[in-house]
Amino acid sequence: MAPTVLHVRAETKPLEHRSAVTPTIAKQLVDAGYVVNIERSPLSIFNDSEYEGTGASLVPTGSWTQAPGEHIIIGLKELPEEDFPLKHIHVQFAHCYKGQGGWEKVLGRFPRGKGTLLDLEFLEDENGRRVAAFGYHAGFAGAALALMTWAWQLTHGKDEPLPGVTPYENEGLLIKDVKEAVESGKAKAGHLPRVLVIGALGRCGRGAVDLCVKAGLEDIIKWDLPETSAKSGPYQEIVESDVFVNCIYLSAKIPPFIEPNSLSSPDRRLSVVCDVSCDTTNPHNPIPIYDINTTFSSPTVPVKLPSQANDLPLSVISIDHLPSLLPREASEAFSSALLPSLLQLNDWKHARVWQQAEKLFTEKCNTLPEGAVDGEAELVANQS
């Protein structure tokens, strides 16, 4: 039987420097009998030369579209916004299963081309826990940018937004910059920031808390289900913190954590919200005070405050690829966790984790509106 071919596509999202398959993992896949094709990537933190000696083959950027239909395409972030049908099996994050804006157009491309989506976000082990996730580094990076923003507001004024940021070569360099920023903010404010993390017991929340600890903070409020279920939102404790980091996994409608009216409280200290969960277009977003995703080149968006609010600024960070701030470490951790599942792709139809992913794909396809599979999804969505 011919070996299974895995085609790792180059990421196209601006400033996305991570890879689903690192050189270390590529070698292990080749050693296990897979043929691994790695697209040359001008964005990846991993240079082409790092794949030399792994047994993987470097192929042209974007060549996945011409790959034979039986090749399995592996990536991280969404595909470029195109309309052509998708014929391959795609392993990636597609962000189209929770009612996100334009979900029907994204998902409809797969059944139109008789392709299959095996969404990385929904790969679960026997205990229902995700087999691999970027959550830790997302929380870590999100909290870092939130603290930088808090300090920047104090040292540069409310009308000058935090400038663009670029990925760090390693965690130590990021921590150094955060510590320096926090100290400059403390000199202006007279105190270190109070940070409230919701979802503190999950991967993402642990990353956010660890960053705060490494930055030297002492006033870190760690909330999870016991705290949020004890009473309904919105929560005054958020408004009375300097920084709020949202790290929950949203799976159902919940009361908002904060809402525009909350911001008129005379006790508001809140000046930075980092929505690591980034459910920006989800109709049940529990932070309905902003409506756009931000980027590394423009990390924050100002919140329009009620007329009776105090004069503190309020900025939201809503970057949906935060782990790319530490792309090498984030990629290595994710790729290593994903490896056991990748090693089952040669017989994926009989592997529980991939069977579940295919079943979920089929279920979601069955919810597509009329016209989505024949290319009319956008028209249908606009008329609804």
Side-chain angles (χ1 to χ4, degrees), residues 142-164 181-182 184-200 208 212 217-223 227-228 230-248 250 253-295 298-320 322:
L145 292 181
L147 295 183
M148 288 179 175
T149 301
W150 174 81
W152 184 268
Q153 291 171 338
L154 290 164
T155 56
H156 291 77
K158 64 181 181 179
D159 295 325
E160 187 176 346
L162 182 74
V182 166
S184 67
K186 178 184 175 182
K188 286 285 186 178
H191 61 83
L192 291 170
R194 175 190 298 162
V195 178
L196 191 153
V197 179
I198 294 186
C212 292
L217 270 57
E218 300 170 351
D219 195 357
I220 308 168
I221 303 171
K222 293 169 275 191
W223 278 18
E227 292 78 14
T228 56
K231 59 181 178 179
S232 180
Y235 302 107
Q236 183 67 15
E237 289 88 345
I238 293 176
V239 175
E240 295 175 358
S241 300
D242 297 287
V243 174
F244 167 45
V245 185
N246 178 40
C247 295
I248 71 161
L250 184 65
K253 184 178 181 179
I254 58 175
F257 292 157
I258 187 172
E259 57 185 4
N261 288 341
S262 309
L263 305 177
S264 60
S265 169
D267 298 319
R268 179 173 71 91
R269 290 175 52 172
L270 185 70
S271 65
V272 183
V273 172
C274 182
D275 191 4
V276 181
S277 302
C278 219
D279 289 298
T280 310
T281 63
N282 191 310
H284 307 313
N285 180 10
I287 309 177
I289 60 173
Y290 77 100
D291 59 7
I292 65 168
N293 286 121
T294 60
T295 63
S298 183
T300 64
V301 59
V303 174
K304 185 176 180 180
L305 297 166
S307 58
Q308 63 269 40
N310 61 36
D311 59 0
L312 279 175
L314 179 56
S315 298
V316 172
I317 298 165
S318 56
I319 299 171
D320 66 1
L322 280 166

- Query: Hey, does Arg194 have a side-chain heavy atom less than 4.5 Å from the side chain of Ile221?
  - Reply: yes

- Are side-chain heavy atoms of Leu147 and Val195 found at a separation under 4.5 Å? yes

Quick one: closest heavy-atom pair of [X] and [Y], and the distance?
X: Val182; Y: Pro193; answer: CG1-CD, 4.4 Å
X: Cys212; Y: Ile220; answer: CB-CD1, 3.6 Å
X: Leu154; Y: Ala189; answer: CD1-CB, 3.7 Å
X: Ala146; Y: Val243; answer: CB-CG1, 3.7 Å
X: Asp242; Y: Leu192; answer: OD2-O, 4.4 Å
X: Pro163; Y: Pro299; answer: O-CG, 3.5 Å

- Task: Apply side-chain contact (heavy atoms from CB on, under 4.5 Å) to Asn246 and Ile248, showing your working.
- Result: CA-CA 6 Å; Asn246 178 40; Ile248 71 161; 3.5 Å; yes

Given 3.5 Å as the limit, does a donor-acceptor pair link the side chain of [X] with the main chain of [Y], or not?
X: Ser315; Y: Val272; result: no
X: Gln153; Y: Ser271; result: yes
X: Trp152; Y: Glu160; result: yes
X: Ser241; Y: Glu237; result: yes
X: Asp275; Y: Cys278; result: yes
X: Arg268; Y: Leu312; result: yes
X: Ser265; Y: Asp267; result: yes

Distance, nearest 0.5 Å, that separates [atom1] of [X] from [atom2] of [Y]:
X: Arg269; Y: Trp150; atom1: CZ; atom2: CH2; answer: 9.0 Å
X: Ile317; Y: Asn293; atom1: CD1; atom2: CG; answer: 13.0 Å
X: Thr300; Y: Leu162; atom1: OG1; atom2: CG; answer: 6.0 Å
X: Trp223; Y: Thr228; atom1: CH2; atom2: OG1; answer: 8.0 Å
X: Leu196; Y: Phe257; atom1: CG; atom2: CZ; answer: 10.0 Å
X: Ile198; Y: Ser277; atom1: CD1; atom2: OG; answer: 9.5 Å

- Task: Show your working on side-chain contact (heavy atoms from CB on, under 4.5 Å) between Cys247 and Val197 and close with a plain yes or no.
- Result: CA-CA 7 Å; Cys247 295; Val197 179; 4.1 Å; yes

- Message: Between Asn285 and Asp291, does the side-chain contact (heavy atoms from CB on, under 4.5 Å) criterion hold? Intermediate values first, please.
- Response: CA-CA 10 Å; Asn285 180 10; Asp291 59 7; over 6 Å; no

- Start with the C-alpha distance between Ile287 and Val316, add both sets of side-chain angles, then the distance that settles side-chain contact (heavy atoms from CB on, under 4.5 Å), and finish with yes or no. CA-CA 10 Å; Ile287 309 177; Val316 172; 5.7 Å; no

- Message: Restricting to side chain to side chain contact (heavy atoms under 4.5 Å, CB included), what partner residues turn up for Gln308, sequence neighbours left out?
- Response: Ser264, Pro306

- Message: Checking Ser262 now: which residues fulfil side chain to side chain contact (heavy atoms under 4.5 Å, CB included) with it, not counting sequence neighbours?
- Response: Pro234, Val239, Ile258, Glu259

